[in-house]
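One structure is given below, encoded as structure tokens.
Order of appearance sets the numbers: ligands from 1, and atoms from 1 within every ligand.
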Amino acid sequence: MAVQRWDSRLYDDRHSYVTRNGQDLVGELAPRPGERILDAGCGTGELAAALADAGAEVVGVDSSPEMIDRARERFPHLDLRLADLRELDFDAGFDAVLSNAVLHWIPDAPAAAASMAAALRPGGRLVAELGGAGNITAIRGAAQGLRAELDLPRAEEAWYFPGIDEYSAVLDGAGLKVTGAWLFDRPTRLEGDDGLAAWLRMFGAPLLAGAPAPDAFVTLLTDRLRPVLHHTGGWWADYVRLRVSATKPEG
Ligand code: BEZ
């Protein structure tokens, strides 16, 4: 399996908005006591814990050993497993699958969708949110522009930010029926004076790849983005979200 490496403490300390923004996915999924629910890409476990608090029997999976270790430390009562979302190996026993802020890390979207669909029982439901078309346009544009000026090759952006039609087709191809889809801007506050620099260090590796002096690159990039993304008292990431809900048809 492909393993993702993350600094899980930095994630919890500086990027807790990822989970906070995902909390209303739990409401959208409306877990019922006793339901078996898969948290696909559980990170450090908070949404899985929220599902369990609602009375669901939860399994959380993540492809990062650091995230799973931290999630187990925080929520030892939960069933948390290291697994690649493209290769889930569950029989079709889950009543629901929830996925927050992870599917944009998996360019092979059909494989991830097929694997989540296979984990659902007929009649089961999926609620997922990921970066959508236009996500972090300012950050990506400024980084690519700076790379060109510094004679660095164009960064390979390792993300998948689909629009509604594109992702609906992916879910349809996995045998799921889309029941709702929303593409919306979600400017996201990045805490601290170094909020954007912290974001770039945590998540921006593809944009910094090959920079001979990554810290200097981050400084130049944040200077360049300050007029666009620093306002109303702080840094903001220009997030666009795609939220979808779908069901697996009966029979
Ligand atoms: C996002 O949540 O949209 C995102 C996070 C890290 C890198 C790129 C996008």
Legend entry - Enumerated ligand 1 atoms positioned under 4.0 Å from heavy atoms of Trp199: 6 (C), 7 (C), 8 (C)

Inset, instruction - Check for a donor-acceptor pair, side chain of Lys248 on one end and backbone N or O of Gly124 on the other, with a separation under 3.5 Å. - result: no

Inset, instruction - Number the atoms of ligand 1 from 1 as they appear, then name those within less than 4.0 Å of a heavy atom of Tyr239, with their elements. - result: 1 (C), 2 (O), 3 (O), 4 (C), 5 (C)

Inset, instruction - Enumerate the atoms of ligand 1 whose separation from the nearest heavy atom of Asn135 is less than 4.0 angstrom. - result: 1 (C), 3 (O), 9 (C)

Inset, instruction - Inspect the surroundings of CG in Asp165 and state if more than 12 heavy atoms from other residues, nucleotides or ligands are less than 6.0 Å away. - result: no

Inset, instruction - With heavy atoms only and a cut-off of under 4.0 Å, state how Trp105 meets ligand 1: side chain, backbone, both or neither. - result: side chain

Inset, instruction - Show which atoms of ligand 1 fall inside a sub-4.0 Å distance from at least one heavy-atom site of Trp159. - result: 7 (C), 8 (C)

Legend entry - Part of Ile136 within contact of ligand 1 (heavy atoms, under 4.0 Å): side chain

Legend entry - Sub-4.5 Å side-chain heavy-atom contact between Arg201 and Asp215: yes

Legend entry - Presence of salt bridge, Asp24 and Arg243, under 4.0 angstrom: yes

Legend entry - Heavy-atom check, side chain of Glu35 versus side chain of Phe94, under 4.5 Å: no

Legend entry - For Phe203, atoms of ligand 1 separated by under 4.0 Å from a heavy atom: 6 (C), 7 (C)

Legend entry - Phe184 side chain reached by Val240 side chain, heavy atoms, under 4.5 Å: no

Inset, instruction - Return a yes/no value for Arg241: is any of its N or O atoms, backbone included, closer than 3.5 angstrom to an N or O of ligand 1? - result: yes

